[in-house]
Amino acid sequence: MILTAIPREQLREVLDRFMAKLENPFSRAVFRRIRATSADRAVGAAAERHRRAALWLARSLGMAVHADGIEYPFNWDGRALNGATEAYVILHEAAHFVLAPTERRRLIDFGLGPGPDTRDRDAAARAAVLSPLAREEDEAAASLLGIIWEAQLGQPALASFLDQNWLEGLERSAHSHFAGVLDKLRRRNLLDLKLPGLFDRPMTFRRGRGAAARTAEPGCTPVPFAEAPGECAEPRPATPASMRRSLGWADTLSLRGNSPDLPSEPPGRSPVQHRIGTRVPGAREKAGRR
């Protein structure tokens, strides 16, 4: 749900203004990667390839996926993912899975309450365990993490960035909201996901990262997503071993299979319409969950 639509002829200027407000190299580098993708959703065979890649990523994170051909009342029912939807929805749900502790992974819609396409809304509401503020924070983190994965996969991350209202409040707090959520993801080491065989194929920034690693000054940590060689990130605190254990990385990052299943043609099935919204500062009265 886009709160304030941006005319296409104004988009470049608006993105320039947003970029100018980002102060640290890491935020700028991540936004550049998002901006380099398409503002239009994929259709046809391309959309199906994106969906299959998103499903492969979800499975690689440890998510079970329901079989196609059956309607499910939830995107996530506490056991498995409804994979018969768009790639960006799958990546958003996968981000929720990564963000959620073990106990919330067992709950319908991760204990966040019903989303806009939840059919059994009463059951999802009964399963909700987070406060409104905590839900809002979790939605923002899942939104941005899913968008970053879209960019890494070469999918239309900019379309999601616009749909999920990351430019809302452009003159006030959009840039600080983006930078703040990004910093939280970074501090939790959630931007270090490496799935060989999936990201290596479409990630055009790999060459830039390699160049940065070769040209950086001693003590410099090259910026992920950086386009300029040698760009350094600001120091970040180490993640305690206890936190890494609580995230379950040893299990959730184990790979299932050797390569994504990317068919050249989509199977005959009707797409499921879905919109993810994210609350932004100054727009709480308008936006809903996902």
Side-chain angles (χ1 to χ4, degrees), residues 1 3 27 30 34 54 57-58 61-63 74-82 85-86 88-118 120-121 123-151 157 160-161 163-166 168-169 173-174 176-193 239 243-249 252-253 274-290:
M1 180 182 66
L3 300 181
S27 294
V30 173
I34 294 170
L57 184 147
L61 292 170
M63 299 182 81
F74 316 103
N75 278 337
W76 174 259
D77 62 6
R79 297 173 301 168
L81 175 73
N82 176 12
T85 187
E86 295 94 332
Y88 72 96
V89 179
I90 294 168
L91 294 175
H92 182 83
E93 297 302 323
H96 276 304
F97 181 85
V98 169
L99 288 163
T102 302
E103 58 270 18
R104 278 207 296 111
R105 292 180 181 180
R106 301 190 184 105
L107 300 178
I108 292 169
D109 284 342
F110 302 103
L112 295 165
D117 61 345
T118 299
D120 190 345
R121 304 186 68 81
R126 289 194 299 270
V129 296
L130 295 186
S131 68
L133 179 58
R135 293 183 205 177
E136 181 176 324
E137 292 175 349
D138 194 85
E139 286 296 341
S143 170
L144 188 53
L145 184 56
I147 289 169
I148 290 170
W149 287 346
E150 283 187 83
S160 295
F161 192 81
D163 284 353
Q164 297 170 39
N165 299 300
W166 285 95
E168 190 72 20
S173 56
S176 59
H177 179 56
F178 172 82
V181 174
L182 184 63
D183 186 61
K184 289 179 181 178
L185 293 174
R186 186 183 175 203
R187 288 175 180 274
R188 290 184 61 179
N189 282 340
L190 296 179
L191 301 180
D192 295 336
L193 180 67
T239 301
M243 179 179 291
R244 289 197 296 271
R245 286 194 297 270
S246 69
L247 290 172
W249 288 122
T252 60
L253 291 186
H274 185 100
R275 281 291 176 268
I276 299 169
T278 183
R279 291 186 176 128
V280 295
R284 295 187 184 186
E285 69 282 1
K286 296 191 215 176
R289 193 179 91 78
R290 293 199 270 191

Which heavy atom of [X] sits nearest to which heavy atom of [Y], and what is that distance?
X    : Y    : value
G146 : A95  : N-CB, 4.0 Å
A58  : I90  : CB-CG2, 4.2 Å
R121 : T118 : CG-O, 3.3 Å
E93  : N75  : OE2-ND2, 3.5 Å
A94  : L61  : CB-CD1, 4.0 Å

Just checking, R105 and F110: is the charged tip under 6.0 Å from the six-membered ring centre and within 45° of the axis?
no
So, taking the atom named [atom1] in [X] and the one named [atom2] in [Y], what distance separates them when rounded to the nearest 0.5 Å?
X    : Y    : atom1 : atom2 : result
R104 : L99  : CZ    : CG    : 8.0 Å
D77  : R106 : CG    : CZ    : 14.0 Å
L145 : L182 : CG    : CG    : 10.0 Å
L144 : H177 : CG    : NE2   : 8.5 Å
N189 : R186 : CG    : CZ    : 10.0 Å

If you define the side chain from C-beta out and look only at heavy atoms, does anything of [X] sit under 4.5 Å from [Y]?
X    : Y    : answer
F74  : P114 : no
L191 : W149 : no
V129 : L112 : no

What verdict does the salt bridge (charged side-chain N to carboxylate O under 4.0 Å, His left out) test give for D183 and R188, after you've listed the backbone C-alpha separation in whole Å, the side-chain angles of each residue and the deciding distance to 0.1 Å?
CA-CA 9 Å; D183 186 61; R188 290 184 61 179; over 6 Å; no
Please assess H96 against W76 for the test side chain to side chain contact (heavy atoms under 4.5 Å, CB included), listing each intermediate value before the final yes or no.
CA-CA 10 Å; H96 276 304; W76 174 259; over 6 Å; no
Check for a donor-acceptor pair, side chain of [X] on one end and backbone N or O of [Y] on the other, with a separation under 3.5 Å.
X    : Y    : value
S131 : A134 : yes
D120 : A123 : yes
D109 : G111 : no

Polar contact flag, side-chain donor to acceptor under 3.5 angstrom, E139-H92:
yes
Could you label the plane-to-plane angle of the W166 and F178 rings as parallel, tilted or perpendicular, counting under 30° as parallel and over 60° as perpendicular?
perpendicular
